[in-house]
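Step one of this worksheet: look at the structure below.
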Number of protein chains: 4
Amino acid sequence: MSDLTVERVRSAFEALGSGDRDRMLEFWDENVRFEIPGNHVQSGWHEGLDAFLGFLGTVGELSGGSYKAENLTITVNPEDGYSVDVNTNWALRAGAPEDSTSPYHLLDVTAMHLLRWENGRIMEGRGVILGDGPSTSALWWSPIGPDGRRAA
Amino acid sequence: MSDLTVERVRSAFEALGSGDRDRMLEFWDENVRFEIPGNHVQSGWHEGLDAFLGFLGTVGELSGGSYKAENLTITVNPEDGYSVDVNTNWALRAGAPEDSTSPYHLLDVTAMHLLRWENGRIMEGRGVILGDGPSTSALWWSPIGPDGRRAA
Amino acid sequence: MSDLTVERVRSAFEALGSGDRDRMLEFWDENVRFEIPGNHVQSGWHEGLDAFLGFLGTVGELSGGSYKAENLTITVNPEDGYSVDVNTNWALRAGAPEDSTSPYHLLDVTAMHLLRWENGRIMEGRGVILGDGPSTSALWWSPIGPDGRRAA
Amino acid sequence: MSDLTVERVRSAFEALGSGDRDRMLEFWDENVRFEIPGNHVQSGWHEGLDAFLGFLGTVGELSGGSYKAENLTITVNPEDGYSVDVNTNWALRAGAPEDSTSPYHLLDVTAMHLLRWENGRIMEGRGVILGDGPSTSALWWSPIGPDGRRAA
């Protein structure tokens with residue numbers, strides 16, 4: 001798999017963000033499965049590109065469009081067919097006070113994706129969060145705010 | 001509030017299980033709010049008797065009807081208008097192997113309800129789980145099984 | 001056990017705070033076991049009054065003496081020999097900024113103790129935290145601050 | 001940094017396991033800092049090679065020497081100076097029944113290390129666990145067993 005490069009990983013995520021399904025399918029297999037870490041409502045394996053896109057749509061809704069990711073680095077192993085991209089993730093829950101630092105409102109973590117490639121396409125991805133981010137992000141994903149009230 | 005007795009608390013839960021709404025309303029205020037602990041999909045304050053009954057229905061569905069509770073003791077303070085009932089809770093997720101001991105399948109905890117009474121009726125309840133039950137029960141409530149697959 | 005009253009529970013905690021061991025032993029059995037909830041470094045059963053007092057000393061050290069508890073209510077069942085006391089707990093980790101609201105620094109929860117009495121003395125106690133307090137208090141008990149640095 | 005290869009990452013971990021400090025120092029900076037994820041007693045940044053080796057010794061003790069890791073793949077970015085190695089980790093707590101599957105006894109996860117290299121040496125490492133491994137491994141690291149008893 002001579003074509004698994006840092007640049008190709010970057011292009012895969014650009015395609016994902018483009019909304020252009022044909023372009024996505026140059027990088028992401030139709031049957032790609034993607035694991036969201038943790039045990040919250042969105043955790044576990046999302047099976048197929050559509051399910052994964054559905055998950056990304058949910059992130060957009062829950063964050064009121066505030067979700068931002070910034071890439072730090074991308075590592076690859078073309079022979080084994082694996083890449084890892086490292087990113088900072090930032091998102092404020094929709095409706096939360098803009099200056100809130102409560103982990104029920106604010107997601108501010110560093111995360112990675114481990115991607116397995118076959119024939120130039122991503123077959124499987126696994127998200128993972130660094131440090132104690134799995135704990136704090138569980139609060140962000142929960143249906144409750146700092147006062148225990150459930151989101152409407 | 002001279003009528004807050006161990007027996008009355010017991011009757012309140014019997015009414016809840018009876019399916020008879022008029023009987024429930026002798027003990028549970030129409031606007032009762034009930035807090036499910038943790039940060040899983042059902043956590044937080046369920047507002048109103050209907051929302052609380054909806055939660056109980058969800059427990060029944062997720063456990064395929066296997067949910068069992070057994071009371072250990074009931075403590076009361078009639079002057080302050082509080083009671084606490086202590087119960088063992090047991091439930092197997094619907095579809096799980098019957099002999100599974102994985103915490104993603106099996107809930108086996110001791111839990112309590114703190115109830116606040118006014119004029120002979122429950123206005124507020126807060127569930128709580130003993131020991132490390134909050135951790136293991138988070139796995140039970142999650143959408144995933146031990147292999148990370150999401151429930152259908 | 002006709003003498004298990006709200007007042008006696010209150011006196012048991014006053015004795016505990018008095019530092020007077022003889023007075024403690026009027027309420028707390030020498031072999032009392034006490035469960036700290038969760039899975040952090042202090043979690044699990046502390047066996048014997050000395051181990052329990054050791055735990056309370058650790059809370060004092062970690063909080064730089066800032067730990068405060070305020071009782072909300074006490075419920076009892078004299079026949080079964082159980083009491084439950086409900087309290088707010090507040091503590092700032094030693095060395096944390098005084099105005100920090102990070103759960104790694106600030107403990108601000110409502111908690112309960114389920115106590116089992118025999119012959120007028122407490123044989124067993126189980127602490128428990130309401131709402132999502134088990135999650136946030138795990139951060140407080142951890143060796144790390146919000147930046148992942150370990151306490152010296 | 002033309003010398004950051006998959007082979008060099010592999011050699012760095014072999015050196016770590018060799019017990020030969022001079023050999024380690026060919027790959028690991030004396031002041032390397034290494035983050036153990038989560039909020040358990042060993043979580044957070046271990047500062048310096050000695051602290052990191054101390055952590056590895058603790059893993060050996062807690063697991064009664066049963067800890068095993070198997071590498072799945074290694075990805076690199078020589079220009080940015082980053083590598084990621086992906087490994088399965090398996091460990092049984094010392095004293096646990098050999099066939100126990102309780103997460104309080106058995107660690108069975110897939111984990112990664114994100115390593116930052118400078119001038120051919122590792123300056124910083126961050127461990128991270130995939131899937132819901134952060135939840136289950138918190139139980140493994142806890143002082144308690146499935147019955148809530150604290151390890152002696």
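Only this structure's heavy atoms are used, side chains among them; waters, hydrogens and symmetry mates stay out. Numbered from 1 within each chain, the chains take letters A, B, ... in sequence-line order. Computed from a predicted model, the values in this text were never measured in an experiment.
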Search all heavy atoms of [X] against all heavy atoms of [Y] and return the closest pair with its distance.
X     : Y      : value
D/T75 : A/Y82  : CG2-O, 3.5 Å
D/D80 : A/T73  : OD2-OG1, 2.6 Å
D/N39 : A/S135 : ND2-OG, 3.1 Å

Residue among D/S83, D/G131, D/P134 with most heavy-atom pairs under 4.5 Å to chain A: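 Of D/S83, D/G131, D/P134, D/G131 has the most heavy-atom pairs under 4.5 Å with chain A.
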A/L114 and its side-chain contact (heavy atoms from CB on, under 4.5 Å) partner, picked from D/V84, D/L130, D/T110: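 It is D/L130; the other options fail the test.
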Residue D/R149 excluded, over 12 heavy atoms near CZ under 6.0 Å: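 No, not enclosed.
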From CA spacing to verdict: side-chain contact (heavy atoms from CB on, under 4.5 Å), D/V76, A/N77: CA-CA 7 Å; D/V76 295; A/N77 182 323; over 6 Å; no
Spatial distance of atom CD (D/E35) from atom CG (A/D132) [nearest 0.5 Å]: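 The CG atom of A/D132 is 8.5 Å from CD of D/E35, to the nearest 0.5 Å.
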Heavy-atom contact with chain A under 4.5 Å, split by part of D/I129: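 Only the backbone of D/I129 comes within 4.5 Å of chain A.
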